[in-house]
Amino acid sequence: MQTAKHAKPHAKTPRQPAVKGNGHSKHTGEDFEIDVRALRERAREHLDEGAVTEDYRADRDAVVHMLNNALATELVCVLRYKRHHFMATGIHAEPVAAEFAEHAAQEQDHADRLAARIVQLGGEPDFSPDGLSARSHAEYVTGKNLRDMIRENLVAERIAIESYREMIHYLGDRDTTTRRMLEDILAVEEEHADDMRDLLDRE
(Lines give C-alpha, C1' and ligand atoms only; values in the text may rest on other atoms or scores of the structure.)
Protein backbone atom coordinates (compact mmCIF):
# COMPACT_ATOMS: atom_id res chain seq x y z
CA MET A 1 0.00 0.00 0.00
CA GLN A 2 1.42 3.32 -1.10
CA THR A 3 1.93 5.81 1.67
CA ALA A 4 0.18 9.13 1.02
CA LYS A 5 2.49 12.03 0.72
CA HIS A 6 1.98 14.80 3.15
CA ALA A 7 1.59 18.20 1.55
CA LYS A 8 4.37 20.57 2.36
CA PRO A 9 3.02 23.36 4.51
CA HIS A 10 2.93 26.77 2.81
CA ALA A 11 5.50 29.19 4.07
CA LYS A 12 3.82 31.99 5.95
CA THR A 13 4.17 35.45 4.51
CA PRO A 14 5.97 37.62 7.05
CA ARG A 15 3.54 39.97 8.77
CA GLN A 16 4.30 43.54 7.84
CA PRO A 17 4.73 45.86 10.79
CA ALA A 18 2.15 48.57 11.25
CA VAL A 19 3.33 51.94 10.11
CA LYS A 20 3.07 54.58 12.75
CA GLY A 21 2.63 58.23 12.00
CA ASN A 22 2.07 61.42 13.91
CA GLY A 23 -1.24 60.36 15.38
CA HIS A 24 -2.73 59.55 12.00
CA SER A 25 -4.01 56.14 10.98
CA LYS A 26 -1.61 54.25 8.72
CA HIS A 27 -1.99 50.85 7.18
CA THR A 28 0.21 48.39 5.34
CA GLY A 29 -1.52 45.31 4.04
CA GLU A 30 -3.99 44.25 6.71
CA ASP A 31 -2.37 46.19 9.54
CA PHE A 32 -3.83 49.38 10.95
CA GLU A 33 -2.46 51.40 13.81
CA ILE A 34 -2.73 54.90 15.20
CA ASP A 35 0.15 56.62 16.97
CA VAL A 36 -1.96 57.22 20.05
CA ARG A 37 0.78 58.95 22.04
CA ALA A 38 1.32 61.61 19.38
CA LEU A 39 -2.44 61.96 18.93
CA ARG A 40 -2.93 62.59 22.66
CA GLU A 41 -0.13 65.12 22.74
CA ARG A 42 -1.48 67.07 19.79
CA ALA A 43 -5.01 67.04 21.20
CA ARG A 44 -3.73 69.00 24.20
CA GLU A 45 -2.26 71.71 21.99
CA HIS A 46 -4.26 74.65 20.61
CA LEU A 47 -7.33 73.87 22.72
CA ASP A 48 -8.80 77.22 21.72
CA GLU A 49 -9.33 75.83 18.21
CA GLY A 50 -11.91 73.33 19.43
CA ALA A 51 -12.97 70.97 16.65
CA VAL A 52 -10.28 72.18 14.23
CA THR A 53 -7.33 69.85 14.62
CA GLU A 54 -3.90 69.83 13.00
CA ASP A 55 -4.99 67.60 10.13
CA TYR A 56 -7.72 69.99 8.94
CA ARG A 57 -6.68 70.50 5.34
CA ALA A 58 -9.02 73.18 4.00
CA ASP A 59 -8.44 76.93 4.07
CA ARG A 60 -10.47 77.71 7.17
CA ASP A 61 -10.93 81.41 6.42
CA ALA A 62 -12.12 80.60 2.91
CA VAL A 63 -14.56 77.98 4.21
CA VAL A 64 -15.98 80.35 6.83
CA HIS A 65 -16.43 83.05 4.17
CA MET A 66 -18.13 80.54 1.87
CA LEU A 67 -20.47 79.36 4.63
CA ASN A 68 -21.36 82.93 5.59
CA ASN A 69 -22.41 83.58 1.99
CA ALA A 70 -24.48 80.39 2.11
CA LEU A 71 -25.96 81.60 5.41
CA ALA A 72 -26.96 84.90 3.79
CA THR A 73 -28.56 82.95 0.93
CA GLU A 74 -30.61 80.86 3.32
CA LEU A 75 -31.74 83.89 5.32
CA VAL A 76 -32.88 85.68 2.16
CA CYS A 77 -34.75 82.52 1.16
CA VAL A 78 -36.44 82.39 4.57
CA LEU A 79 -37.59 86.01 4.19
CA ARG A 80 -38.79 85.49 0.63
CA TYR A 81 -40.74 82.32 1.48
CA LYS A 82 -42.23 84.04 4.54
CA ARG A 83 -43.42 87.00 2.46
CA HIS A 84 -44.89 84.67 -0.16
CA HIS A 85 -46.63 82.62 2.53
CA PHE A 86 -48.47 85.66 3.86
CA MET A 87 -49.08 87.29 0.49
CA ALA A 88 -50.34 84.22 -1.38
CA THR A 89 -53.90 84.85 -2.62
CA GLY A 90 -56.28 83.20 -5.03
CA ILE A 91 -58.36 80.06 -5.35
CA HIS A 92 -55.33 77.75 -5.15
CA ALA A 93 -53.42 79.81 -2.60
CA GLU A 94 -53.96 77.81 0.60
CA PRO A 95 -51.91 74.67 -0.24
CA VAL A 96 -49.25 76.77 -1.98
CA ALA A 97 -48.98 79.09 1.04
CA ALA A 98 -48.56 76.02 3.27
CA GLU A 99 -45.74 74.82 1.00
CA PHE A 100 -44.07 78.21 1.26
CA ALA A 101 -44.27 78.07 5.06
CA GLU A 102 -42.76 74.59 5.17
CA HIS A 103 -39.89 75.63 2.93
CA ALA A 104 -39.25 78.72 5.05
CA ALA A 105 -38.88 76.52 8.15
CA GLN A 106 -36.49 74.18 6.35
CA GLU A 107 -34.39 77.07 5.03
CA GLN A 108 -34.18 78.39 8.60
CA ASP A 109 -32.91 75.00 9.71
CA HIS A 110 -30.25 75.18 6.99
CA ALA A 111 -29.24 78.62 8.23
CA ASP A 112 -28.94 77.33 11.80
CA ARG A 113 -26.77 74.39 10.69
CA LEU A 114 -24.51 76.67 8.67
CA ALA A 115 -24.13 79.09 11.59
CA ALA A 116 -23.29 76.27 13.98
CA ARG A 117 -20.61 74.93 11.63
CA ILE A 118 -19.11 78.40 11.20
CA VAL A 119 -18.71 78.62 14.99
CA GLN A 120 -17.16 75.12 15.09
CA LEU A 121 -14.57 76.32 12.58
CA GLY A 122 -13.70 79.27 14.81
CA GLY A 123 -15.59 81.86 12.78
CA GLU A 124 -18.52 84.16 13.44
CA PRO A 125 -21.84 83.76 11.63
CA ASP A 126 -22.84 87.00 9.92
CA PHE A 127 -26.51 87.70 10.64
CA SER A 128 -26.19 91.43 9.98
CA PRO A 129 -29.01 92.76 7.80
CA ASP A 130 -26.55 95.26 6.31
CA GLY A 131 -25.45 93.83 2.98
CA LEU A 132 -27.50 90.65 3.41
CA SER A 133 -28.83 90.76 -0.16
CA ALA A 134 -25.35 91.49 -1.52
CA ARG A 135 -23.89 88.44 0.26
CA SER A 136 -26.73 86.17 -0.84
CA HIS A 137 -26.51 84.14 -4.03
CA ALA A 138 -30.30 84.16 -4.42
CA GLU A 139 -32.40 87.29 -4.77
CA TYR A 140 -35.31 88.59 -2.74
CA VAL A 141 -38.11 89.00 -5.30
CA THR A 142 -41.64 89.64 -4.06
CA GLY A 143 -43.54 88.46 -7.13
CA LYS A 144 -46.66 90.06 -8.61
CA ASN A 145 -48.97 87.08 -8.19
CA LEU A 146 -48.99 83.46 -7.01
CA ARG A 147 -47.44 82.14 -10.22
CA ASP A 148 -44.67 84.75 -10.04
CA MET A 149 -43.95 83.76 -6.44
CA ILE A 150 -43.64 80.08 -7.34
CA ARG A 151 -41.45 80.92 -10.32
CA GLU A 152 -39.10 83.14 -8.28
CA ASN A 153 -38.76 80.48 -5.61
CA LEU A 154 -37.91 77.91 -8.27
CA VAL A 155 -35.26 80.24 -9.69
CA ALA A 156 -33.80 80.76 -6.20
CA GLU A 157 -33.74 77.01 -5.52
CA ARG A 158 -31.91 76.36 -8.79
CA ILE A 159 -29.34 79.00 -7.83
CA ALA A 160 -28.91 77.39 -4.41
CA ILE A 161 -28.52 73.93 -5.94
CA GLU A 162 -25.72 75.05 -8.25
CA SER A 163 -24.05 77.04 -5.47
CA TYR A 164 -24.02 74.10 -3.08
CA ARG A 165 -22.69 71.77 -5.76
CA GLU A 166 -19.79 74.13 -6.39
CA MET A 167 -19.07 74.39 -2.65
CA ILE A 168 -19.14 70.60 -2.28
CA HIS A 169 -16.76 70.22 -5.22
CA TYR A 170 -14.43 72.85 -3.72
CA LEU A 171 -14.26 71.08 -0.35
CA GLY A 172 -13.67 67.59 -1.73
CA ASP A 173 -12.09 65.50 1.03
CA ARG A 174 -10.42 68.44 2.77
CA ASP A 175 -13.36 69.05 5.11
CA THR A 176 -15.66 66.03 5.04
CA THR A 177 -17.85 67.25 7.92
CA THR A 178 -18.77 70.48 6.15
CA ARG A 179 -19.12 68.67 2.84
CA ARG A 180 -21.59 66.13 4.26
CA MET A 181 -23.63 68.94 5.81
CA LEU A 182 -23.77 70.75 2.49
CA GLU A 183 -24.74 67.52 0.73
CA ASP A 184 -27.66 67.13 3.16
CA ILE A 185 -28.77 70.71 2.52
CA LEU A 186 -28.39 70.23 -1.24
CA ALA A 187 -30.70 67.22 -1.16
CA VAL A 188 -33.43 69.31 0.50
CA GLU A 189 -32.93 72.17 -1.97
CA GLU A 190 -33.41 69.71 -4.83
CA GLU A 191 -36.68 68.59 -3.23
CA HIS A 192 -37.75 72.22 -2.95
CA ALA A 193 -37.05 72.78 -6.64
CA ASP A 194 -39.14 69.74 -7.53
CA ASP A 195 -41.97 71.03 -5.32
CA MET A 196 -41.91 74.44 -7.00
CA ARG A 197 -41.81 72.91 -10.47
CA ASP A 198 -44.82 70.73 -9.63
CA LEU A 199 -46.74 73.75 -8.33
CA LEU A 200 -45.84 75.73 -11.44
CA ASP A 201 -47.17 72.91 -13.64
CA ARG A 202 -50.52 73.05 -11.82
CA GLU A 203 -51.00 76.77 -12.30
Side-chain angles (χ1 to χ4, degrees), residues 51 60-90 92-171 175 177-203:
R60 186 166 30 159
D61 290 338
V63 173
V64 167
H65 177 75
M66 178 182 75
L67 294 181
N68 261 319
N69 287 344
L71 173 61
T73 303
E74 295 293 347
L75 293 174
V76 166
C77 287
V78 170
L79 296 173
R80 188 187 60 255
Y81 271 125
K82 282 286 190 181
R83 157 134 183 144
H84 291 173
H85 165 69
F86 288 110
M87 293 299 294
T89 58
H92 303 299
E94 187 174 346
V96 177
E99 194 78 34
F100 290 160
E102 180 181 351
H103 287 200
Q106 290 170 333
E107 305 291 11
Q108 182 63 61
D109 177 67
H110 296 169
D112 292 345
R113 294 182 66 183
L114 289 164
R117 184 57 181 162
I118 289 168
V119 173
Q120 282 184 335
L121 292 175
E124 296 182 2
D126 189 352
F127 284 95
S128 173
D130 297 334
L132 184 63
S133 294
R135 297 194 306 273
S136 169
H137 299 157
E139 297 176 290
Y140 179 88
V141 182
T142 58
K144 298 176 183 178
N145 51 50
L146 193 60
R147 185 174 181 81
D148 275 354
M149 294 176 190
I150 298 170
R151 180 181 175 83
E152 290 303 330
N153 284 316
L154 177 55
V155 170
E157 294 296 355
R158 287 171 58 82
I159 291 170
I161 287 168
E162 193 164 344
S163 297
Y164 280 120
R165 283 180 181 160
E166 290 188 13
M167 286 185 266
I168 290 164
H169 178 73
Y170 166 77
L171 288 172
D175 182 343
T177 301
T178 301
R179 189 195 72 212
R180 285 195 299 268
M181 178 191 69
L182 296 180
E183 287 170 344
D184 289 343
I185 293 174
L186 171 60
V188 177
E189 303 295 6
E190 289 176 341
E191 291 178 6
H192 287 180
D194 279 344
D195 292 341
M196 292 299 103
R197 183 195 59 189
D198 291 344
L199 290 175
L200 202 59
D201 290 343
R202 296 177 202 168
E203 286 295 306

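Here the structure is a predicted model, which is why all the values come from computation and not from measurement.
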Point to revise | From CZ (R135) to CG (D126), nearest 0.5 Å | key: 3.5 Å

**Study point:** Non-hydrogen atoms of H84 and G143 that approach each other most closely
**Key:** NE2-N, 4.4 Å

**Study point:** Heavy-atom side-chain proximity of E99 to M196 below 4.5 angstrom
**Key:** yes

Review point. Could you give the distance from CG (L154) to CZ (R197), rounded to the nearest 0.5 Å?
Key: 8.5 Å

Exercise for review: Quick one: pull up CZ in R180 and CG in L182 and give me the separation to the nearest 0.5 Å.
Suggested key: 11.0 Å

Check your understanding: Any side-chain heavy atom of D175 within less than 4.5 Å of one from R117?
Key -> yes

Check your understanding: If you look at every heavy atom in L71 and P125, which pair is closest and at what distance?
Key -> CD2-CB, 3.9 Å

Check your understanding: Between I185 and E74, is a side chain to side chain contact (heavy atoms under 4.5 Å, CB included) present by the stated rule, with each step listed?
Key -> CA-CA 10 Å; I185 293 174; E74 295 293 347; 3.8 Å; yes

Check your understanding: Measuring from M87:CE to L146:CG, what's the distance to the nearest 0.5 Å?
Key -> 11.5 Å

Review point. What distance separates M181 CE from M167 CE, expressed to the nearest 0.5 Å?
Key: 8.5 Å

Review point. Does the side chain of N153 pick up a donor-acceptor pair with the side chain of E157 at under 3.5 Å?
Key: no

Check your understanding: Who passes side-chain contact (heavy atoms from CB on, under 4.5 Å) against I161, sequence neighbours left out?
Key -> R165, L186, E189, E190, A193

Check your understanding: Would Y164 and V188 count as a side chain to side chain contact (heavy atoms under 4.5 Å, CB included) if you check the C-alpha gap in whole Å, the side-chain angles of each, and the deciding distance to 0.1 Å?
Key -> CA-CA 11 Å; Y164 280 120; V188 177; over 6 Å; no

Practice item. Mind checking side-chain contact (heavy atoms from CB on, under 4.5 Å) for N145 and listing every partner two or more places apart, or none if nothing turns up? Key: R147, D148

Practice item. Go through the structure and list residues passing side-chain contact (heavy atoms from CB on, under 4.5 Å) with A138, not counting sequence neighbours. Key: T73, C77, R80, S136, A156

Review point. Considering all heavy atoms of both residues, which atom of Q108 and which atom of V78 are nearest to each other, and what is their separation?
Key: N-CG2, 3.4 Å

Review point. Step by step, would you call H65 with D61 a side chain to side chain contact (heavy atoms under 4.5 Å, CB included)?
Key: CA-CA 6 Å; H65 177 75; D61 290 338; over 6 Å; no

Point to revise | Side-chain heavy-atom pair L171, M66 within 4.5 angstrom cut-off | key: yes

Check your understanding: If you count the non-hydrogen atoms of other residues, nucleotides and ligands that lie under 6.0 Å from CZ in R151, is the total more than 12?
Key -> no

Exercise for review: Give the minimum heavy-atom separation between H137 and I159, together with the two atoms involved.
Suggested key: O-CG2, 3.7 Å

Review point. CD/Q106 to NE2/H192 distance, rounded to the nearest 0.5 angstrom?
Key: 3.5 Å

Review point. With under 30° as parallel and over 60° as perpendicular, where do the rings of H103 and Y81 fit, or are they tilted in between?
Key: perpendicular

Exercise for review: For the residue pair H110 and E107, confirm or rule out a side-chain donor-acceptor distance under 3.5 Å.
Suggested key: yes

Review point. Is it the case that more than 12 heavy atoms not belonging to R113 sit under 6.0 Å from its CZ atom?
Key: yes

Practice item. Show your reasoning for whether side chain to side chain contact (heavy atoms under 4.5 Å, CB included) applies to F100 and I150. Key: CA-CA 9 Å; F100 290 160; I150 298 170; 3.9 Å; yes

Check your understanding: Can you find a heavy atom in the side chain of V155 that is under 4.5 Å from one in the side chain of R158?
Key -> no

Exercise for review: Could you pull out all residues at least two apart from R179 that satisfy salt bridge (Lys or Arg N to Asp or Glu O under 4.0 Å)?
Suggested key: E183

Practice item. Could you tell me which residues satisfy side-chain contact (heavy atoms from CB on, under 4.5 Å) with V64, sequence neighbours excluded, listed by chain and number? Key: R60, N68, I118, L121

Review point. Taking only residues two or more places apart in sequence, or in another chain, which ones meet D109 in a side chain to side chain donor-acceptor pair (under 3.5 Å)?
Key: none

